Each structure stands twice: as C-alpha cells, then as structure tokens.
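Lettering of chains follows the sequences in order, A, B, ..., and the numbering in each one begins at 1. From a predicted model like this one, the values you see are computed outputs, not experimental measurements.
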2 protein chains.
Amino acid sequence: MNNAHQIQTSVDPVIFTVFDMKLHILLVKRNIEPYKDCWALPGGLVDEKLDQDLHSAALRKLKEKTNVTTHYLEQVETLGSASRDPRGWSVTVVYFALVTVPEENLSAAHGASEVRWEEVGKNGVAVPLAFDHEKLVKAAVERLRAKVSYTTVAAGLLAEPFTFLDLQNIHEIILNRKVEKKSLMRRYESSELLTEVNETRKEGRMRPAKLYRLKDRETVHYFVRTMEGPR
Amino acid sequence: MNNAHQIQTSVDPVIFTVFDMKLHILLVKRNIEPYKDCWALPGGLVDEKLDQDLHSAALRKLKEKTNVTTHYLEQVETLGSASRDPRGWSVTVVYFALVTVPEENLSAAHGASEVRWEEVGKNGVAVPLAFDHEKLVKAAVERLRAKVSYTTVAAGLLAEPFTFLDLQNIHEIILNRKVEKKSLMRRYESSELLTEVNETRKEGRMRPAKLYRLKDRETVHYFVRTMEGPR
DNA sequence: AAAATAGTGTCTCTAAGACAATATGCG
DNA sequence: CGCATATTGTCTTAGAGACACTATTTT
C-alpha cells in the first residue's frame, strides 16, 4: 500500500450571478495546455501549502481569479476518474457560489488570460468548455435550481436593499419560469428573514415598492415544500 | 505549478442496514497505523490502476471489505484538509450505501482484522472511530434521514417481499420517530412503485398482511413535501 | 364469535396556486 | 383624478396529520 498516488486534486467553483435579467457564470480562458485557449471554470489544483482545507481552497480560487466575494458557497459534488483529464487520474470538487453584482475589476491572473461572465441558457452555456466542465456546470445549475425552489438562498444574490419584485425576478430568472407572487411573498414572510427598510427608491411615476434587507446574509431558510410552479 | 501533489485520495462508504429494529453501519477494525486497532469506515485509497472512477472505487471497497451488494449508492460529501490525517493533506469522498440484510460472510481482509455491524444511536455510534470518521458518519446519517423523509429510498433497505408494516418500521427506525401509517401509505400509493405479490406469509394468529415488491429497485420517487412528523 | 392486526374513511390543517381586488404614490 | 405598479384578500386544491372505524384471518 505504498504506491505514490499521483491523483491531481482540484476545486472548481461555479460562480453564479444575475444581471440583465439573465443567469450568468464566471469563466476564464485557459492559457496553458491542455485545453489552452478554451473557456473553463475558474478552478485549479488544491495547494497543500496554501490551503487548510477544501473550502478555503475554493475561496482562494474565487479570490485569485476574480475578486468577487460571496455570501454563499456550497459543495455540489465530486467527480473523479482516470479519463476526465488527459494527464491522468484526477479528482475535482465542484462548488457553487452566489455573488451579488459582477465586479468590474475581474483580474486576469494565475493561468487565466481572460475572464468573462457567460450567460447560462436552457442547456448550459453556449461556449464549449474544457475537460468535463460542462457536466460540472450542469450539476451546479441543477443544484442551484433545486435549492432555490425550497430555500431562501436566492435572496443572497441580490444587492441590498431590494424590492419584492427584485426578489421575484431573481427566482424567475434562476428557475426559468414564472413564480406566483403571493406564494413567494408568503414564503418570505413566514421565513422572517427580511426586514423592511424605510428608505425608498424613486423609480419613475408610480407607486414605489418597499425596500428590504436580509436580517442576516448567512442564514438560509428551508421550507418543507418545494415550489412547484404552474400545474 | 509543477509541485508533485501528494494528496491522498480515499473513498469512505457508510453502509447502512437495519436489523433487530435498529439502524446499523458497517465498521472495520484497522490493523495498520495510524489508528491501528481502531474502528473505522470500510474505505481506503482510490487505486489509479483498479478504479475507473470514484463511484467504482466506492463499489470496490464495498465488495472487498464486505461482500454485501447494494441497490443504492449515493455520494454524500467530500472532506479534505491538511489535518484530518496525521500523514498529511488528504481528501476523502464519503458515500452512503443501503443494503438489505446483513450477510453472514463478512470477509476480514484488506487491512481489516475484524468487521462488525455497529448500532447507530441518537448521537452516532458508541465506539470511537479513526480519523474524522465520526463526522463522516454524522453527515451520512443526516443525509439518509433527510432523504428518507422526502423520497422512497428506505424501501430499498427491505428484503422482498415485504409488508406495509415492514415499510413503516424501516421509516420509523431510520427517522427515529413514529410516522403516520396513513400518510406513508398514501405516499407509496401515489409513487406507484410497489406491486402486490399474491403470496402470503403465515405469521401467527391474525390477519396476514399483503406482501409487496418494488417494481424497480433502482427507481427512487421524490415527493414535493417532507414528512414532518407529529406537530 | 373473539382476538388481533391489516387496511380504509374522513376530518382537519397547512401551505401552495390562481387570480381578483385594493392601496398608494406621482404626475 | 387617473395611471401604473404594489400589496393584500380569498377561493381552491394537494397532500400531510390525527385518529377512528371497518375488514380479514385464525383459533
């Protein structure tokens, strides 16, 4: 049992944000082989010296390749096989992260010559991705959709303060379908996670909406039922 | 970026079964350092030569250390850190597996001098475990309980054919609380996963229960609501 | 028929879906 | 005021919890 293991271990964060009424993920263009010049997730090898654990490895990747900060980071799944990387057996731990607004200062560094927010459509992203990253993205999107339909995580994507309409839009964009205004309202009321803010945003010539903040950006409420959508 | 990674990668299956009206997991006694003579999960290093991917690595461990077969194997989570193994940075992928009846012929082989089914109580197992295995067990038990409360996975633990009471017992044992007979019945009826079998089991001096089989042991039905239990 | 467990009926309750009805701020 | 959106009311429906009632064997 003393075979020196050469299994490469990496973390691959799928970083979600919403803008222009669309769900986006962050991609970087690889500038080394294999898959040079191909778009990929902003992940990379775990560094035994730098990283205390997997979670902090994922946070380090987030910080290095972008400089977004996140209020939510969750492990999705781990893929490992002999075939997923041409260089040999490899394992990657997929995370998904939610960030509010895309920062302008995305730093192209550490093996990334370019960084870009890419729209997530019905069938994932439009560009081909390196390795099995399309599969990883698919897994992360599925997890995100599932989680959004029975928790309050989606609220973490919003910049504060936000209106109820913002909240509704976020849900509809992520789930890619309409959600019932009243149902959503009831859910968030019962969660007691929102707090009204008494500022008000102008926004044109009609009744202005109330503004809300999360009492605690770290707390996620779990509901016992999933939102099913129209029958 | 060419540091030779020495991260050990292992899989640790948490193998569940139910007998004597109690939930049990399979443990092996380690016969090598570190944690020699300590009980541990029946896991071990991924073998680049033997294993095509993580899933088959988990199946191999299952087969090697025990010879149970399972109808259900699910990845739970991956833990990796510099500190969880005294020998250095390591990553382990935790799986949970459901097996029907404990087989008598547990083989003590491959680094295990003893194999044993250990009862899972309210706070995990009674014996101390090697490494961070108690944490891994806790994660697996939580996942199992969650899953049982909104899917039909529990049925996979039963030897066929089984009665409805068997099904109810399995749920109550895993969840560690009463479940409503009628609710459970409705759920399984709506899932359309069971098929009546027209044999009948004698069993003493009262009305015999209908016997069921799963139409397909691989299919798991997901409900949109969680069973909440008594209010 | 009595015992004893198996299986069903049915009432209540929670929360979601649907969508109508009001409320409110501004021009 | 009237527009346009915000917010609330409320009816319906699905499915869980509670628990009583009926059914079916065997002795």
Which nucleotide wins on minimum distance to the side chain of B/Pro230, given the candidates C/dG17, D/dA16, D/dA18?
D/dA18
Give a yes/no answer on whether the side chain of A/Arg187 brings an N or O atom under 4.0 Å of OP1 or OP2 in C/dA16.
yes
To the nearest Å, give me how far apart NE2 (B/His171) and P (D/dA16) are.
12 Å
Are A/Asp12 and A/His133 close enough, and set up right, to give a side-chain contact (heavy atoms from CB on, under 4.5 Å), and what steps lead you there?
CA-CA 9 Å; A/Asp12 280 308; A/His133 287 192; 3.6 Å; yes
Between C/dG9, D/dT10, D/dA16, which one does the side chain of A/Lys182 approach most closely?
D/dT10
Touch class at under 4.0 angstrom, heavy-atom based, for A/Arg186 against every strand present
base
Quick check on DNA chain C: between B/Glu228 and B/Leu165, whose nearest nucleotide comes earlier from the 5' end?
B/Leu165
Does the side chain of B/Ser10 come under 3.5 Å of the side chain of B/Thr92 through a donor N or O and an acceptor N or O?
yes
Selection from D/dA4, C/dA18, D/dT25 that lies nearest to any side-chain heavy atom of A/Glu180:
C/dA18
Could you tell me how far apart B/Leu184 (CG) and D/dA18 (C1') are, to the nearest whole angstrom?
15 Å
Check ion pair B/Arg143-B/Glu74 (N to O, under 4.0 angstrom):
yes
When you measure from the side chain of A/Met206, which nucleotide among D/dG17, C/dT8, D/dT5 comes out closest?
D/dT5
Euclidean distance, atom CG of residue B/Leu211 to atom P of C/dG7 [Å, nearest integer]
9 Å
Heavy-atom donor-acceptor pair, B/Arg225 side-chain to D/dG17 base, under 3.5 Å
no
Quick one: B/Leu167 CG to C/dT5 P, roughly how many Å, whole number?
19 Å
Donor on one side chain, acceptor on other, A/Thr195 and A/Arg213, under 3.5 Å
no
Nearest to the B/Arg207 side chain among C/dT8, D/dA23, C/dG17, which nucleotide is it?
D/dA23
Quickly work out the B/Asp166 CG to C/dG7 P distance and round it to whole Å.
11 Å
Just the rounded figure in Å: distance from P of C/dA6 to CE of B/Met185.
11 Å
Salt-bridge contact B/Lys182-B/Glu180 (side-chain N to carboxylate O under 4.0 Å):
no
From CD of A/Glu196 across to P of C/dT24 the rounded distance in Å is 13 Å
Would you kindly check whether a donor in the side chain of B/Lys181 faces an acceptor in the base of C/dG7, or vice versa, at under 3.5 angstrom?
yes
Just the rounded figure in Å: distance from P of D/dA6 to CD of A/Gln168.
9 Å
